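Read through the structure below, which is laid out as structure tokens, and then see the notes.
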Amino acid sequence: MPQARDAVYALDDASLIALLARRRGLVFLLFLLAGMAPSLGALDAPLLLAYDDNWGTRDNPLIVHGFSYFFAQLGLPFSQTPGPGLESGHWAPLSFLSLAFDHALFGRGLSSPPAAADFTPWGFRLMSGLYHGLNGWLVFLLARRLLERPGLALTAAAAFLFHPTVCESTCWIIERNNLLPALFGLCALYVYAKDKAAAPAWPRTAAVLALLLLSQLSKVIGISWWFVLIGYDVCLRRESGWKPRLVRAAVLAAPCLLSAWSHLNANQDVSLPAPGEGAFGRLLTCLELVYRYFGLLLWPVELSTFYHVSPHGPHLEVLVAGTAGTAAAAWGLRRLGVPWARQIFYLLWICASVAPLINPFVSTAFVLQDRYLYMALPAFGMLLAEALSLLLARAGVARVLPAAALLSAALLALAIPQSFTWRHETSVYLNAIERQPASAFGHAYLASYLFHASADEPDPARRRTMLLTSLENHRLAQGCDDHERLIFPLHYLNEHATLEWEYGDRGRAKKILRGIVDGRPERLSERGATLYALRFLSAKLLEAGQLAEGLVLLERGLEMAPEHPELLHNRLQAWVNSGAAGKARAEAERLRSDPRLGEFAREVLERLGPRAP
């Protein structure tokens, strides 16, 4: 077998090594350009508003508040006060910073408040494509180091660059928080895997530690790379003794523990106890998801965005078929010549990449989405490259690169059409609803998209139609069995309540809002949604003349956000209308120097007249 493999690799490796020696810069540039391919179809598509692109662009705190807000973002998990990004569960300061730089490069200025027209989506996607190409180059370098064959490394990089599931990460702007954790994580593994025979020196370990921290500042899923590094240490490093491994693992765990703690603060909506199943049932459901992700790696055309696993328990046929298929694949790879240690490392890598998203002890909504596979694709590409080369060797084929080229062409033939599906946001949700008519996810996301997009619709009749359609889809989502498992349910409920109040049943709107404000506002990431409900409901009660009840809700809101201008304005107005002149005068005096409310406070003081002697 070694002689056969040497014959297969000889021509390819020699030509690639010669090319890299002469044209390394050109090869690097080609990788960057290749990274653009999976986003070509959606390059000039509009912002994906319900797909959280509003958090990457219009509501990006570093665009709205300026670059200096990056340092405020770093402190948000420690402050225990909600802030832009944290209250939404999108705490990814480094990713936000990169998007802010993109806007500085490609944007059209900024109105107040920001509008979709201020942003150039193609600029964000262009940069995402370049980041993806840079990740492909890192996969090539890493695979060359791990597999020790340039031909195999190129095959692994091509499988990573052109796999159709990467379209979701490159076309979806907010998924910069997927590309950057992968970038810093691949750098960390490349530095860590410099020498298989000896342990990394402490300066190199410190560099890996810094890269892990950058990965997790890009998004908390960077925590996955710690498990990949430990898997490499255990499976592939030839160092003897467990004590130095344990010490390195403990040192590298420091940023992971910090990330886990900040994640509990910044993303508490996804840390609610999962309803329905017990812990064992949820564990089986997670195993089902792992098997479905394996299927998505191997056949990336059947399952994609918004595939939702039933909350009523795992599918037994998937568990049986997944277990049997995984065992058969492992046996077949071993027969081909892939060592068990390498197989276990690849398997750990793939599982570690999706594990933070399918934790059996919390409700993670159990949604299968392409983007969750992004950090697992390098391991899949390396395993695929090894298997392909060994199959060719057994068949007596003397070249690997032509087979790699055919593989790349086949993947591109799937990826580029997939990128075109991201041109129209409604088609994404309609396809999801068509696949799963009873899933709340498709209905709620379509409703949210129409709700946000209506703000930029100039035609009043079309805007009204969009909002009525949004209301209908919100009602459909509420009627689905799994609506409680929406990732950020309170935000969708607020949209639903707003639409019900304006276009539907005000009694139903009140019931929804009451459910929110009487819920769990102590959860940091839910405070933003709870605050919105308090503001909306109190304002409507005050308009209806129910001053006492409205003031109670205003006071609750001000306990959460003491200097919220809209709440302060409404409370001052309510005091004036209820005849509480003393309170109103004292508050107006306090707010007179406030740049946000000073003019209104002066008007109130004029209305109240001079203080009685």
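All of these numbers come straight from a predicted model, not from anything done at the bench.
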To the nearest 0.5 Å, atom CZ of R108 lies from atom NE2 of H103 at 10.0 Å
ring-ring contact (aromatic ring centres under 6.0 Å, His included) for Y445 and Y492? Distances and angles first, verdict last. CA-CA 9 Å; Y445 274 71; Y492 294 115; 5.6 Å; yes
Can you give the donor-acceptor pairs under 3.5 Å from side chains of residues 115-128 to other protein atoms, not counting sequence neighbours?
residue: D118; atom: OD2; partner: S111; partner atom: N; Å: 3.3
residue: D118; atom: OD2; partner: S111; partner atom: OG; Å: 2.8
residue: D118; atom: OD2; partner: A115; partner atom: N; Å: 2.8
residue: T120; atom: OG1; partner: F106; partner atom: O; Å: 2.8
residue: R125; atom: NE; partner: C171; partner atom: O; Å: 2.7
residue: R125; atom: NH1; partner: A42; partner atom: O; Å: 3.2
residue: R125; atom: NH1; partner: A45; partner atom: O; Å: 2.6
residue: R125; atom: NH2; partner: P46; partner atom: O; Å: 3.0
residue: S128; atom: OG; partner: F124; partner atom: O; Å: 3.1
residue: S128; atom: OG; partner: R176; partner atom: NE; Å: 3.3
residue: S128; atom: OG; partner: R176; partner atom: NH2; Å: 3.1

Here the pair of heavy atoms bringing R596 nearest to E563 is NH1-O, 3.2 Å
ask   = Any ion pair linking E288 and R292 (charged N to carboxylate O, less than 4.0 Å)?
value = yes
| request: Run the numbers on N178 and S169 for side-chain hydrogen bond (donor to acceptor under 3.5 Å, both in side chains), then give the verdict. | output: CA-CA 7 Å; N178 209 27; S169 294; 2.8 Å; yes
Practice task
Please tell me if the side chains of L541 and K510 come closer than 4.5 Å, counting only heavy atoms from C-beta onward.
Solution key: yes
(Q) Donor-acceptor check, side chain of D53 to backbone of G56, threshold 3.5 angstrom: yes or no? (A) no
Closest non-hydrogen atoms of N473 and A447, given as atom of the first, atom of the second and distance, are CB-CB, 3.7 Å
All heavy atoms of L471 vs all of L499, minimum pair found to be N-CD1, 3.7 Å
Sorted by chain and residue number, the side-chain contact (heavy atoms from CB on, under 4.5 Å) partners of L551 (sequence neighbours excluded) come out as L554, R571, A574, W575
Rounding to 0.5 Å, atoms CG (N494) and CZ (F451) come to a distance of 8.5 Å
Indicate whether any N or O donor in one side chain lies under 3.5 Å from an N or O acceptor in the other, for Y372 and T165.
no
**Heavy atoms from other residues, nucleotides or ligands near CZ of R602 exceed 12 (cutoff 6.0 Å)** = yes
### Message
Within a 6.0 Å radius of atom CZ on R590, are there more than 12 heavy atoms belonging to other residues, nucleotides or ligands?
### Response
yes
**Message:** Between R475 and E500, does any NZ, NE, NH1 or NH2 come within less than 4.0 Å of an OD or OE carboxylate oxygen?
**Reply:** yes
For S215 and W225 the tightest heavy-atom approach is OG-CD1, 3.6 Å
query = Is it true that F101 and F67 have ring centroids separated by less than 6.0 Å?
reply = yes
### Query
Between the main-chain N or O of V517 and the side-chain N or O of T530, is there a donor-acceptor pair closer than 3.5 Å?
no
Self-check item: E559/R556 salt bridge by N-O under 4.0 Å criterion
Solution: no
>> Between E168 and R371, does any side-chain N to carboxylate O distance fall below 4.0 Å?
In response: yes
In terms of heavy-atom contacts, A601 and A588 come closest through CB-O, 3.4 Å
Original post:
Any Lys/Arg nitrogen of R423 or D44 sitting under 4.0 Å from an Asp/Glu carboxylate oxygen of the other?
Top reply: yes
| field | Evaluation steps, side-chain hydrogen bond (donor to acceptor under 3.5 Å, both in side chains), between T170 and E175 | value | CA-CA 7 Å; T170 55; E175 284 314 299; over 6 Å; no
Requested in this report: Evaluate the salt bridge (charged side-chain N to carboxylate O under 4.0 Å, His left out) criterion for residues E502 and R463: first the C-alpha distance (whole Å), next the side-chain angles of each, then the deciding distance (0.1 Å), finally the verdict.
Outcome: CA-CA 13 Å; E502 298 296 335; R463 184 173 186 272; over 6 Å; no
Ring centroid separation H132 to Y374 under 6.0 Å: yes
On a heavy-atom basis, the closest approach of A100 and L62 is CB-CB, 3.8 Å
For K583, I'd like to know if atom NZ has over 12 heavy atoms of other residues, nucleotides or ligands within 6.0 Å. no
